[in-house]
Structure formats: structure tokens, C-alpha cells
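Okay, so here's the structure we're looking at.
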Protein chains: 2
Amino acid sequence: MDAKRATVRDMRRRNRAVLLSRLYHDGPLSRQDLTGATGLSAASVSNLVGEMLEQGLVEEAGAVDSDGGRPRTLLRVRPGYGYLVGVDVGETRVRVELFDLSMTGLAKADYPIESARPEPETVVRHILAGLDAVTASAGVPRDALLGVGVGVPGVVEQGESAAVHAQTLGWEAVPLEAMLRAGTEARLYFDNGAKTLGRAEMWFGAGRGARHVVIALVGSGVGAAVLTDGVSYRGVSSSASEWGHTTIVYGGRRCRCGADGCLEAYVGAEAVLDRWRVARRGRPVPGRPAGTVTGPDEEGGIAALVAGAERSESAARVLEETAGYLGAGIANLINLFNPERIVLGGWAGLALGGVLLPRIREVAAAHALRHPYGQASIELCRLGPDAVSVGAATLPVARLLSDGGSR
Amino acid sequence: MDAKRATVRDMRRRNRAVLLSRLYHDGPLSRQDLTGATGLSAASVSNLVGEMLEQGLVEEAGAVDSDGGRPRTLLRVRPGYGYLVGVDVGETRVRVELFDLSMTGLAKADYPIESARPEPETVVRHILAGLDAVTASAGVPRDALLGVGVGVPGVVEQGESAAVHAQTLGWEAVPLEAMLRAGTEARLYFDNGAKTLGRAEMWFGAGRGARHVVIALVGSGVGAAVLTDGVSYRGVSSSASEWGHTTIVYGGRRCRCGADGCLEAYVGAEAVLDRWRVARRGRPVPGRPAGTVTGPDEEGGIAALVAGAERSESAARVLEETAGYLGAGIANLINLFNPERIVLGGWAGLALGGVLLPRIREVAAAHALRHPYGQASIELCRLGPDAVSVGAATLPVARLLSDGGSR
DNA sequence: CCCCTTATTTCAGCGCGTGACGAAAGTGCG
DNA sequence: CGCACTTTCGTCACGCGCTGAAATAAGGGG
């Protein structure tokens with residue numbers, strides 16, 4: 001509604017941003033290529049690139065013949081211009097990983113979390129320790145750190161200072177940004193872990209090249225990230241895309257969120273295993289709402305279910321039903337968001353999708369409207385669940401690119 | 001991903017756009033107010049406003065005392081600078097309406113559609129006739145027409161030339177833009193009718209002031225429009241927000257779209273009446289999928305249902321169930337889009353919402369996650385269903401504002 | 001009528017992209 | 001080996017557009 005005014009400086013920043021993003025995403029390019037790709041005049045490209053070369057933001061990267069004439073010198077973003085830290089706050093461990101600008105991993109530190117409901121202070125301590133550890137081990141000085149991205153399980157309320165609501169950790173409005181800021185001067189960025197994974201997939205995985213992608217993640221929980229032109233959709237406070245808690249079976253199974261018939265209560269890993277248990281024994285464990293029966297080894301359970309499909313009729317039936325719910329849930333995403341591509345991931349999503357993908361596509365086709373379905377492809381994630389920290393580290397990179405590298 | 005370069009001219013266009021939008025939406029303002037509101041320097045505001053005054057885009061509108069000093073002269077967008085036409089292609093009639101820039105209706109023409117599956121040519125002929133009729137009757141010359149916005153029932157595929165897919169009209173990829181362009185030189189804009197209604201509600205109705213709104217429309221069909229900062233969310237080809245065909249009861253009632261368990265098959269007007277019929281007779285008409293039983297007077301039926309709630313137990317039950325489905329569907333919107341406000345409308349939505357709104361809020365609260373629910377208010381549309389043409393006419397206005405009025 | 005306050009306009013200054021022109025860096029042919 | 005040709009890249013004068021400072025306009029009060 002209210003765009004902000006533009007000054008002559010914003011223009012330069014923006015043009016630097018355009019050039020820098022182009023160089024970053026589309027590999028080494030010559031100045032010539034850049035004039036064509038961005039529409040800027042050769043003079044401006046030369047000017048802007050010269051400035052960025054001087055600042056060490058970009059560097060020359062060889063040359064390529066140009067039949068007959070002066071060879072083009074290639075340019076790329078200089079990986080060593082700055083470093084990023086990506087943090088993955090998982091339910092069982094905190095991972096802190098250091099990257100250079102080319103997203104090459106340089107160091108990594110893991111801190112296991114014992115409690116199912118860890119104190120925020122503990123997590124903060126782990127993150128700060130990891131920050132020290134990875135920068136020290138790679139010999140990266142503090143002021144070369146462009147920023148720290150943190151992916152958390154739960155809702156990140158972006159605002160003056162980011163706060164986290166994570167039901168699974170028992171966190172309510174934890175002022176994570178303020179807490180971390182007390183211990184470091186690095187620029188901090190926060191987002192939901194599923195969304196950072198989506199970012200990673202978008203930049204380096206199955207989402208490459210698409211403008212409009214929905215990443216659907218299925219693990220113990222179920223979430224989604226909607227990404228348009230590289231930026232993720234956020235509502236009023238960024239708690240958007242709570243796909244797992246949309247109603248898909250009105251009046252159906254009780255979900256751990258307290259509502260009935262959530263998608264998560266049917267296709268979340270716990271829920272799938274619980275449904276399998278019911279299918280084998282004939283009836284559910286009484287008095288226990290679905291989803292609370294957390295096995296010590298859900299991953300093994302899902303693997304067993306997938307493996308058992310050939311021999312066991314109950315396993316096959318549960319899988320078939322899961323494909324049904326998942327396909328309908330994906331059809332909902334297609335109808336609501338009309339994406340170019342749906343990327344299914346998460347550890348359970350990958351395990352189930354590996355065998356169920358064709359069936360999921362069929363069900364989604366039956367539930368979605370013909371037209372949007374025809375424009376969407378359904379694929380599996382290419383990066384593993386470890387990419388959460390990669391995606392978190394792209395948060396400062398995105399900032400750098402959209403700022404054009406202004407300090 | 002790839003923003004476009006900026007030149008020094010883009011800057012001026014954008015600053016004009018910022019000023020113009022401010023003036024348009026926030027009523028008469030003085031130059032002084034504008035400097036504060038936009039961040040531009042007083043010199044630039046004066047310069048830009050002077051230019052726009054000269055072009056007749058804005059005009060002075062009185063003055064207001066400023067304790068002790070020179071009074072501020074107020075400025076506003078000049079309503080007669082240009083004129084808009086909004087077209088509402090409904091299922092029973094084509095309405096063509098002429099507005100000035102302040103959205104004051106100047107002339108109107110309706111053309112009934114007899115066939116349930118009208119030929120595109122017929123509709124095009126009506127639109128062109130209406131265009132002539134309204135401009136002639138108001139004495140607006142052709143070159144004063146800023147543009148024509150058309151709202152259609154169905155999916156608008158934006159592209160080189162807009163095409164329309166409207167299942168209810170039996171239209172498949174109708175090249176409406178090309179067809180109209182053959183008969184007029186006006187600038188043409190197309191969007192789904194529900195979305196244009198959402199735009200109207202956003203600019204002049206219940207969405208005013210909110211940055212992030214979802215408009216949920218319930219009539220015979222069910223649709224939604226997601227609006228962020230005044231622009232509506234579109235997917236790859238803008239067929240986004242097909243809320244009515246998201247699955248809410250897995251394996252449930254057959255919908256006219258062919259899938260099972262769509263929201264529309266429960267809360268669409270036809271579906272509600274069908275459910276009521278079933279509730280009264282005890283069983284459905286066999287062999288007839290739900291939703292195809294189009295009564296001649298659905299509106300009367302819904303009114304009767306609402307009125308009958310006090311006496312008839314079956315009516316009360318059907319209403320209660322409807323509130324449940326609608327609440328769950330709205331909760332899905334809240335969870336997925338995390339809006340600031342949900343606006344329920346459409347003729348059936350208003351009729352049902354009038355009595356069911358408190359109950360719908362309760363159900364939505366139970367189904368949505370606490371956090372996003374807490375940030376969303378649920379309200380009723382303020383403008384009637386006739387606002388489709390108003391919303392359609394805002395399409396060219398939006399273009400004017402974002403262009404800063406450059407020719 | 002003069003002074004004070006506030007709003008608006010004027011003006012010099014500066015940043016920025018552009019087009020034109022020229023330098024740089026190769027290739028191919030005599 | 002040198003010259004012509006091709007293609008890429010850098011430099012410069014120019015015009016546009018925003019800004020801050022100073023000047024001017026428009027009232028009110030004494």
C-alpha cells in the first residue's frame with residue numbers, strides 16, 4: 001500500500017543488488033553478459049563492477065574467448081568476501097555450521113539436547129558456543145561474519161526483535177533475538193526451520209529455476225513453506241503456512257494441537273505409525289490421543305512400514321491411506337497457492353514419497369482442479385534434512401544480495 | 001529473483017506513485033503532510049506536486065489553518081482526470097459501470113444473459129455495447145478512459161493476453177482479452193470476480209487499513225482472495241485461492257468439480273440447501289451428486305433456512321453444521337495465510353454469517369492454531385455483491401497509482 | 001503596519017545512469 | 001611482423017532528479 005520513496009542512492013543500491021544477485025545465482029558472467037541480463041548500460045556495469053571489485057565483493061574468474069575480439073573477463077562473487085553461520089535448532093540437537101559466500105561448509109559443531117523441553121538459555125548457550133567454535137576452527141575473524149541465520153522449530157514472530165513460539169519445545173514467545181544479541185554482535189536472522197530448508201531447496205535443490213514453489217515437509221510434524229521469487233510468504237507475523245494443522249478430515253482424529261482432523265494427525269510420522277498400530281491390532285490404545293505415542297525410533301518405524309508393504313496387508317493399506325491423505329493435502333496446496341512446483345521433503349516425506357510418489361500424484365490429480373494441477377509438478381526434495389543450516393545461512397546472503405553489499 | 005534495473009527516471013516515476021497513492025487513499029493532504037508521510041523532501045514534494053497539478057492529475061481542495069502560520073493548501077486526486085469502467089460478468093447478467101477517479105458511479109448498463117452457458121461472443125458484445133452506452137450517457141470522451149477492468153467468474157490466466165477458464169460458464173481458455181481488443185482501444189484488465197470484489201472490500205470496505213486480508217466468498221460457489229499490501233496473491237497463472245475446492249472432509253460428499261469432500265460441497269449455497277433437503281427427508285435424492293440440484297431460487301432457500309432456524313430442528317442442525325464446516329475452512333485460511341483479517345462475504349456468506357458469525361468464530365478458534373488465530377479478526381463484508389464492478393474498476397486505478405500517472 | 005509563525009518555492013550542489021568515444025586485447029591475413 | 005578488423009571494457013560530458021539552505025508567501029496578533 002505505501003511504498004517508500006526512492007532517492008538517488010537507493011537506485012545505486014538497487015542496481016548493485018541486481019548485478020550481485022545475477023552474479024551469485026547465475027555463476028561467473030562477463031560484464032558484457034551483465035549488461036544484457038540486467039538492462040544496465042555497459043558504462044554503468046563497468047562502473048558498478050569496478051566499485052565492487054575494489055571492495056572485494058566480486059573477483060575476476062578467468063576469461064573466455066569471444067570469436068575474434070577482446071576476450072571477456074568473467075566475474076563472480078568472491079567467496080571469501082564474508083562468511084555465514086547457519087544454525088539448526090532441532091528437537092534433539094543444535095547444529096552450528098560455518099560457510100563462505102559460495103556456501104561451502106568450513107566448520108560444523110553439534111550440541112545434543114537431552115531434554116524434550118530444553119530451556120531457551122541452554123539453546124542460546126549452545127549457539128553462542130558453536131559460533132565461537134566454528135569461527136575459531138576455521139580462523140574466520142569476527143568482523144568477516146556477514147550474519148548468523150537461525151532456523152527454529154516453530155513460529156518465528158518477526159518484529160522489532162524476533163520471538164519464537166515452539167509448542168514442541170514448550171517455548172512461548174521466547175525472545176531469542178534479544179537473548180542472542182546479548183552474547184554476540186553478529187547480525188542475526190531467524191526463520192522457521194522448515195522455511196529455511198525450503199530456502200535451501202529453492203537455491204540449491206529441487207526448487208532451482210522455479211519462480212513459485214511450495215515446499216511440503218513431513219516429519220514428526222508437518223509444515224510447508226511457500227516461496228515466490230525467492231522470498232517466502234509470511235502473513236502478519238510470519239506464522240503462515242501451518243499446513244500440518246489444516247483440517248482435512250472434518251471431525252476426524254484428534255491432533256496434538258488439540259483440534260480434530262488436522263493433516264498432521266494423519267500423515268505426520270507419529271500419526272502414520274499410530275494408524276499402522278491400530279490397523280494391526282484392530283483398535284487404538286484407549287485413552288491416548290493420536291500422536292502422543294512417541295516411539296523412540298520413529299524413523300525406524302517408518303522404514304519398517306515402507307519395507308513391510310510387500311508382505312503385510314495392513315502396512316500396504318496404511319501406506320495407501322497415507323498417500324490418499326497426503327495427496328489430498330497437496331491438492332489443497334495446489335488449489336490455494338497455484339505453484340509451479342511442489343517439493344515434498346522431510347525425513348518421513350522422503351521415506352514415504354520414495355515409494356508413494358506416483359500414487360500421491362494420482363490422488364492429488366483427483367482432488368485438485370484440473371487447471372492448477374496441470375501447471376504444478378510434484379517432486380521430492382534433493383537436499384537432506386541437514387540442509388536446514390544451509391538454508392538458515394542463506395538468510396544473511398539474501399540480505400547481502402538485496403542490499404547490493406552495502407555495509 | 002531477478003529484479004529489474006533502475007534508472008534515474010524510474011525513481012521519479014516511483015516517487016510520483018508514492019505521492020499519488022498517498023493522496024488517493026488518505027484523502028486530501030497538504031504538501032507538508034506529504035513530506036512527513038513519504039519521507040520526501042519538501043522541495044521534491046513541491047516539485048512533483050507542481051508537475052501533477054499542471055497535468056491535471058491532482059487539484060487543490062481548500063486550505064486548513066496552521067496555528068499562526070501560513071495555511072496549508074490541501075491537495076487531492078482530481079476525480080475528473082480520468083474515468084474507469086468496471087465490468088462484472090456474472091452468471092445471469094453482464095454489468096458495465098462507469099466511474100470517475102473517486103469511484104463515484106456515473107452510469108450503469110445491465111445485459112441479462114439467458115443461457116446458462118453463454119457464448120463468449122455474446123458476452124463480448126454486451127461488454128462492448130455497455131462501454132459505448134455508459135460513456136455516451138455520461139458524455140465521457142474515449143480518450144479520457146483510463147482503462148476497463150473486467151471481473152469474470154472463473155480463473156483468469158494472465159499472460160501475453162488474458163484468457164479465461166470458467167467451468168460454470170463452460171468456458172475453456174477463452175481469449176477474452178484478444179476478443180475485446182478487437183472492439184476497443186481502451187486498456188484492459190482482467191481478474192476473477194471474487195478477487196475484484198476483494199479489492200473493492202480492501203479499498204473501500206471491511207479491509208480498509210489492514211495490510212493482510214483474506215476475503216472468503218460464499219455464494220453458489222466458494223472462493224477466496226488473498227490480499228497483501230493491496231496486491232492480490234497470484235500463483236503461477238493466478239488461479240490461486242481456490243478455497244472452495246480444498247478438501248475438508250476426506251472421502252466426503254461429491255463436489256461438482258468431481259472431487260470428494262471439497263469445502264464447496266458443504267458450505268456452498270447449493271450444498272447447504274441440499275444438506276437441508278436431506279436432513280428433512282432423511283435421505284438424499286438417489287443418483288444425483290450433491291450440488292447439481294440447482295433450485296430456481298437459491299437465495300430464497302438460504303433465507304428460508306436462516307429464518308427457519310428457530311422453529312425447525314433440522315434447519316438449526318444444518319446451520320450448526322454449516323458453521324462448523326465454514327469455521328474449519330476459515331481456520332485453514334488462518335493457518336495457511338496468517339492474515340490480519342478474514343472478511344466473509346458473498347450473498348450466501350452474508351446471509352449465513354449474519355446469524356452464524358459468533359459460532360463460526362468459535363469453531364475457527366478451535367481449529368486454528370492459537371497464535372495465528374489470535375492475530376486474525378473475522379468480519380463480514382461491508383459492500384454488497386454489486387461491488388464486483390467497483391473492484392474491477394479499481395484495476396486500472398491501481399495501475400495509474402503504481403505508474404504515478406505517467407502516460 | 002510590523003513582527004512572528006508556518007508553508008511553500010527557488011536555487012545551487014551533488015549523485016547517478018547514459019551515450020559517445022576511445023583504449024585494450026585478441027584474431028587473421030598479407 | 002605488421003596491419004586491419006572485431007569485440008570488450010573504461011572514461012567523460014551530459015542531463016535528470018533529489019536535497020538542504022535560503023528566500024518567499026500567507027496568515028495572525030499586537
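The sequence lines fix the lettering, A, B, ..., with proteins before strands; numbering per chain opens at 1. In this text the structure is predicted, and so the values were computed from the model without any measurement.
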- Report the distance from atom CD of B:Glu51 to atom C1' of D:dC16, rounded to the nearest whole Å. 12 Å

- Query: Between C:dA25, C:dA20, C:dT10, which one does the side chain of B:Ala43 approach most closely?
  - Reply: C:dT10

- Please determine if a side-chain N or O atom of B:Arg12 lies less than 4.0 Å away from the OP1 or OP2 oxygen of D:dC18. yes

- Message: Of the options C:dT18, C:dA25, D:dT19, whose atoms approach the side-chain atoms of B:Ser44 most closely?
- Response: D:dT19

- Answer yes if the side chains of B:Thr38 and A:Arg5 hold a donor-acceptor pair under 3.5 Å, and no otherwise. no

- Message: Ignoring hydrogens and geometry beyond distance, is a side-chain donor-acceptor pair present between A:Asn47 and A:Ser44 at under 3.5 Å?
- Response: no

- Note on the structure: Between B:Arg9 and A:Leu53, whichever has its closest DNA chain D nucleotide further toward 5' is A:Leu53

- Item | Distance, rounded to the nearest Å, where B:Arg14 contributes CZ and D:dC18 contributes P | 11 Å

- Task: Would you tell me if any nitrogen or oxygen in the side chain of B:Arg72 comes within less than 4.0 Å of OP1 or OP2 on C:dA7?
- Result: yes

- Does A:Asn15 have a side-chain nitrogen or oxygen under 4.0 Å from the phosphate oxygens OP1 or OP2 of C:dG17? yes

- Query: Is the shortest side-chain N/O distance from B:Arg16 to OP1 or OP2 of D:dG17 below 4.0 Å?
  - Reply: no

- Query: How many Å lie between CG on B:Leu75 and C1' on C:dT8, as a whole number?
  - Reply: 11 Å

- Whole-Å distance, A:Leu34 CG to D:dG10 P, equals 12 Å

- Item | Distance in angstrom units between A:Leu40 CG and D:dG10 P, rounded | 15 Å

- Query: Separation of B:Met11 atom CE from D:dC18 atom C1', in whole Å?
  - Reply: 6 Å

- Between A:Ser41 and C:dG17, does any side-chain N or O lie under 4.0 Å from OP1 or OP2? no

- Between B:Asp65 (CG) and C:dC4 (P), how many Å, whole number? 21 Å

- Query: Is it true that the side chains of B:Arg31 and B:Thr73 contain a donor and an acceptor less than 3.5 Å apart?
  - Reply: yes

- Note on the structure: Closest to the side chain of A:Ser46, out of D:dC9, D:dG27, C:dT9, is D:dC9

- Message: For B:Ser406 and B:Arg13, which I'm curious about, is there any donor-acceptor pair between the side chains at under 3.5 Å?
- Response: no

- Message: If you go through the side-chain atoms of A:Arg70, does one of them form a donor-acceptor pair with the base of C:dA25 closer than 3.5 Å?
- Response: no

- Query: Choosing from D:dT8, C:dG17, D:dT19, which nucleotide comes nearest the side chain of A:Gln32?
  - Reply: D:dT8

- Using a cut-off of 4.0 Å on non-hydrogen atoms, how would the nucleic acid contact of B:Asn47 be classed: base, sugar-phosphate, or nothing? nothing

- Whole-Å distance between D:dA25 C1' and B:Glu60 CD? 13 Å

- OP1 or OP2 of C:dT18 under 4.0 Å from side-chain N/O of B:Arg5: yes

- Query: Under 4.0 Å between a side-chain N/O of B:Thr73 and OP1 or OP2 of C:dT8, yes or no?
  - Reply: yes

- Query: With under 30° as parallel and over 60° as perpendicular, where do the rings of A:Tyr233 and B:Phe337 fit, or are they tilted in between?
  - Reply: perpendicular

- Task: Give a yes or no on whether A:Arg142 atom CZ has more than 12 heavy-atom contacts from other residues, nucleotides or ligands under 6.0 Å away.
- Result: yes

